[in-house]
Amino acid sequence: MAIFTDPIKDHADFGPGDAEWLHLLVGDWQLVADLAFADLALWFPLPEGTYVALAHARPSTSHTVFHSDFVGERIRADLQPLVDKAWKSQTIERSSETNWTTETAMRVEAIPFVRNGRTLAVVTSHMDLSSSRMPSRLELTYRQCAYDLLRMGTLGLWPDFATPTGSRRGAPRVGDGLIRLDAQGVVQYASPNGVSAFRRLGDMETLEGRPLAEITTALLKDRRMVDETLPLVVTGRMPWRTEIESRGVSLSLRAIPLRDEKERFGALVLCRDVSELRRREMELVSKDATIREIHHRVKNNLQTVAALLRMQSRRMESDEGKQGLAQAMRRVSTIALVHETLSQGLTQNVDFDELIDRQFRLSAEVASPSQAVRTERQGTFGELPSDLATPLALVINELVTNAVEHGLAGKENGTVWLNAERHLGADGGENLTVTVSDDGVGLPEEPRREGLGLQIVRTLVQSELAGTIVWSPRPGGGTEVTIDMELDGARRR
């Protein structure tokens with residue numbers, strides 16, 4: 001199904017909710033295409049007196065009569081008179097003769113969709129008549145249901161804004177199972193798949209002639225867990241969705257009340273067995289919980305290692321040994337912070353801005369116990385995958401520590417800046433540029449041997465981040481370190 005929305009956005013005569021109503025129609029009209037065994041096309045008027053195709057739905061219950069996509073194209077000359085007639089009469093119009101093509105014979109109907117007394121668009125139904133077989137009871141019932149829904153569209157009664165648009169997966173479709181109810185909620189017809197769905201729940205009797213509410217009530221073992229919307233769905237009174245569970249089977253139900261100008265005369269109930277879908281969802285939830293617990297335990301273990309290093313450093317008599325253990329403790333604590341963040345979410349992405357704010361200040365404070373070092377951060381890192389977050393946090397930690405210990409050495413105060421910028425790279429992918437700068441003494445005139453910290457930085461940038469790193473003098477004095485890396489994991493690896 002495709003949709004072309006530009007004419008709707010530019011239409012000046014639409015009232016409040018009109019555009020949303022048409023979008024709701026297109027979002028739900030695959031149901032009608034399947035019931036009607038027909039292709040549906042949505043036509044919208046243009047100022048010059050013709051129509052443009054906004055959307056097209058092909059039936060999944062039959063083969064399509066349109067193999068090419070005509071969304072966005074103007075209406076054919078032979079079809080426009082029928083659409084014009086339906087637009088003006090606000091009633092369903094059927095072509096007086098069968099439309100023959102080189103391959104099929106089609107019956108065409110034009111259905112105006114009316115809201116608040118105004119025609120907003122016209123839907124044409126194109127049904128293949130080339131088959132010579134007699135339609136089954138299922139097909140006749142489906143077509144009657146489609147006609148009832150389309151006629152409700154001419155009265156402004158369908159689609160209904162009360163129709164649920166919840167995000168939970170498993171919405172029932174026509175092919176999953178259909179039950180037609182009368183005004184009292186008694187089953188008039190149940191498709192074979194609908195019968196099978198209720199048999200899996202434990203009902204072994206014939207559905208037809210029995211109230212669906214009584215059928216479902218008898219199947220429920222624990223009625224304390226019943227969704228409060230269930231009675232309104234199984235009686236067909238409201239266009240809602242609900243789920244019932246029995247004997248380890250989960251059934252998703254969706255009701256569509258059928259109305260005319262005076263009253264509700266019946267309802268459609270779509271049903272779908274979602275047991276396997278819910279089982280997989282539970283497995284995913286369980287796996288997410290397990291992953292979070294793993295991250296939590298890794299964080300605890302790393303904090304234990306950091307504590308052991310802290311205890312060991314207190315026993316060291318050598319200042320160089322104490323400094324080395326303090327640096328190792330700081331690096332372990334940085335990795336632990338990433339795992340702590342991962343343990344609090346459902347994804348493997350990290351809100352790096354929140355993480356680095358704490359780490360940035362902490363790194364500067366730990367490296368400058370006798371100095372007044374100010375930290376400033378600009379730009380946005382955004383969400384980063386965990387395989388990027390850990391090495392990047394370590395790199396920033398080392399660069400900030402190096403800026404304080406060497407760049408601001410001998411100064412009573414100073415400032416360290418951290419800037420992040422996401423932008424498009426030369427190949428069109430998204431890049432991240434990170435800059436750490438200070439207002440210290442600047443780069444030495446002669447290159448000196450890199451310490452362990454800078455060796456770690458260079459290795460992580462090249463191997464883990466697949467990026468580049470450059471040291472340069474900062475305008476106004478001090479040092480500026482710039483890291484540029486790609487964020488597209490496929491190109492990084």
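Everything numeric here is computed off the predicted structure, so don't read it as measured data. Index from 1, following the sequence.
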Show, in sequence, the C-alpha distance, side-chain angles and deciding distance for Leu35 and Leu268, and conclude whether the side-chain contact (heavy atoms from CB on, under 4.5 Å) test is met. CA-CA 11 Å; Leu35 289 172; Leu268 306 181; 4.1 Å; yes
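- Annotation: salt bridge (Lys or Arg N to Asp or Glu O under 4.0 Å) contacts involving residues 23-33, sequence neighbours excluded, comprise Asp28-Arg254.
- Shown here are the salt bridge (Lys or Arg N to Asp or Glu O under 4.0 Å) partners of Arg137, two or more places apart in sequence or in another chain: Glu208.
- Although no hydrogens or angles enter the test, the distance criterion places a donor-acceptor pair under 3.5 Å between the side chain of Ser95 and the main chain of Val108.
- Residue pairs satisfying the side chain to side chain donor-acceptor pair (under 3.5 Å) criterion with at least one member in residues 257-269, sequence neighbours excluded, are listed as follows: Arg151-Glu261.
- Remark: the backbone N or O of His67 is not paired with any side-chain donor or acceptor of Thr64 at under 3.5 angstrom.
- Ion pair Glu139/Arg143 flagged as a salt bridge, since at least one NZ, NE, NH1 or NH2 atom sits closer than 4.0 Å to an Asp/Glu carboxylate oxygen.
- Remark: Thr141 OG1 to Tyr189 OH distance equals 5.5 Å, nearest 0.5 Å.
- Using a 4.5 Å heavy-atom cutoff, the side chains of Met204 and Arg199 are in contact.
- Atom CG of residue Leu31 and atom SG of residue Cys145 lie 9.0 Å apart, to the nearest 0.5 angstrom.
- Note that CG of Leu181 is 9.0 Å distant from CG of Leu258, once rounded to the nearest 0.5 Å.
- Taking CD1 of Ile215 as the start and OG1 of Thr206 as the end, the distance is 9.5 Å to the nearest 0.5 Å.
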For side chain to side chain donor-acceptor pair (under 3.5 Å), just list the numbers for Ser191 and Asn193, CA-CA rounded to whole Å, side-chain angles, deciding distance to a tenth of an Å, and then say yes or no. CA-CA 5 Å; Ser191 71; Asn193 284 347; 5.8 Å; no
Evaluate the side-chain contact (heavy atoms from CB on, under 4.5 Å) criterion for residues Tyr51 and Phe44: first the C-alpha distance (whole Å), next the side-chain angles of each, then the deciding distance (0.1 Å), finally the verdict. CA-CA 5 Å; Tyr51 299 86; Phe44 193 76; 5.9 Å; no
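- A distance-only check finds a donor-acceptor pair linking the side chain of Asp176 to the backbone of Arg173 [under 3.5 Å].
- Within the 4.5 Å cutoff, the side chain of Asn419 has no heavy atoms near those of the Arg377 side chain.
- Side-chain contact between Pro192 and Leu138 is present, with at least one heavy-atom pair separated by less than 4.5 Å.
- Within the 4.5 Å cutoff, side-chain heavy atoms of Trp29 are placed close to those of Val26.
- For the residue pair Leu207 and Val195, the shortest heavy atom distance occurs at CD1-CA, 4.0 Å.
- Shown here for Ala53 and Phe70, the closest heavy-atom pair between the two residues is CB-O, 3.6 Å.
- In this structure, the side chain of Thr61 engages the main chain of Asp34 through a donor-acceptor pair within 3.5 Å.
- Put simply, the side chain of Gln90 gets close to the backbone of Gly117: a donor and an acceptor are under 3.5 Å apart.
- Of all the heavy atoms in Ala213 and Thr235, the pair that sits closest is CB-CG2, 4.0 Å.
- A salt bridge links Arg118 and Asp18; the closest N-O separation between the charged side-chain nitrogens and carboxylate oxygens is under 4.0 Å.
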Hey, mind stepping through Ile92 and Thr154 against side-chain contact (heavy atoms from CB on, under 4.5 Å) and telling me if it holds? CA-CA 8 Å; Ile92 297 177; Thr154 67; 3.9 Å; yes
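- Listed here is the closest heavy atom pair of Val186 and Gly209: CG1-C, 3.5 Å.
- A donor atom on one side chain and an acceptor atom on the other are not found under 3.5 Å apart for Asp69 and His56.
- When atom types are taken as modelled, the side chain of Asp353 and the backbone of Thr380 share no donor-acceptor pair closer than 3.5 angstrom.
- Side-chain atoms of Leu40 and Arg58, non-hydrogen and from C-beta on, never get closer than 4.5 Å to each other.
- Summarising the geometry of Ala420 relative to Leu432, their closest heavy-atom pair is CB-CD1, 4.4 Å, with the distance given to 0.1 Å.
- When atom types are taken as modelled, the side chain of Trp87 and the backbone of Val122 share no donor-acceptor pair closer than 3.5 angstrom.
- Distance alone, capped at 3.5 Å, places no donor-acceptor pair between the Arg74 side chain and the Arg76 backbone.
- Under the 4.5 Å side-chain criterion, counting only non-hydrogen atoms from C-beta, Ile244 is in contact with Leu220.
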side-chain contact (heavy atoms from CB on, under 4.5 Å), that's the test. Do Leu54 and Trp43 meet it? Break it down for me. CA-CA 6 Å; Leu54 293 187; Trp43 301 99; over 6 Å; no
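- At least one side-chain heavy atom of Arg422 sits under 4.5 Å from a side-chain heavy atom of Leu487.
- In terms of heavy atoms, Gly202 sits closest to Leu219 at C-CD2, 3.7 Å.
- Note that CG of Leu178 is 7.5 Å distant from SG of Cys271, once rounded to the nearest 0.5 Å.
- Residues Leu251 and Val274 have side chains not in contact (no heavy-atom distance under 4.5 Å, counting atoms from C-beta outward).
- For Glu421 and Thr433, the side-chain atoms include no donor-acceptor pair closer than 3.5 Å.
- A salt bridge is absent between Glu245 and Arg278; no separation between the charged side-chain nitrogens and carboxylate oxygens falls under 4.0 Å.
- The CZ atom of Phe113 lies 11.5 Å from the OG1 atom of Thr119; values are rounded to the nearest 0.5 Å.
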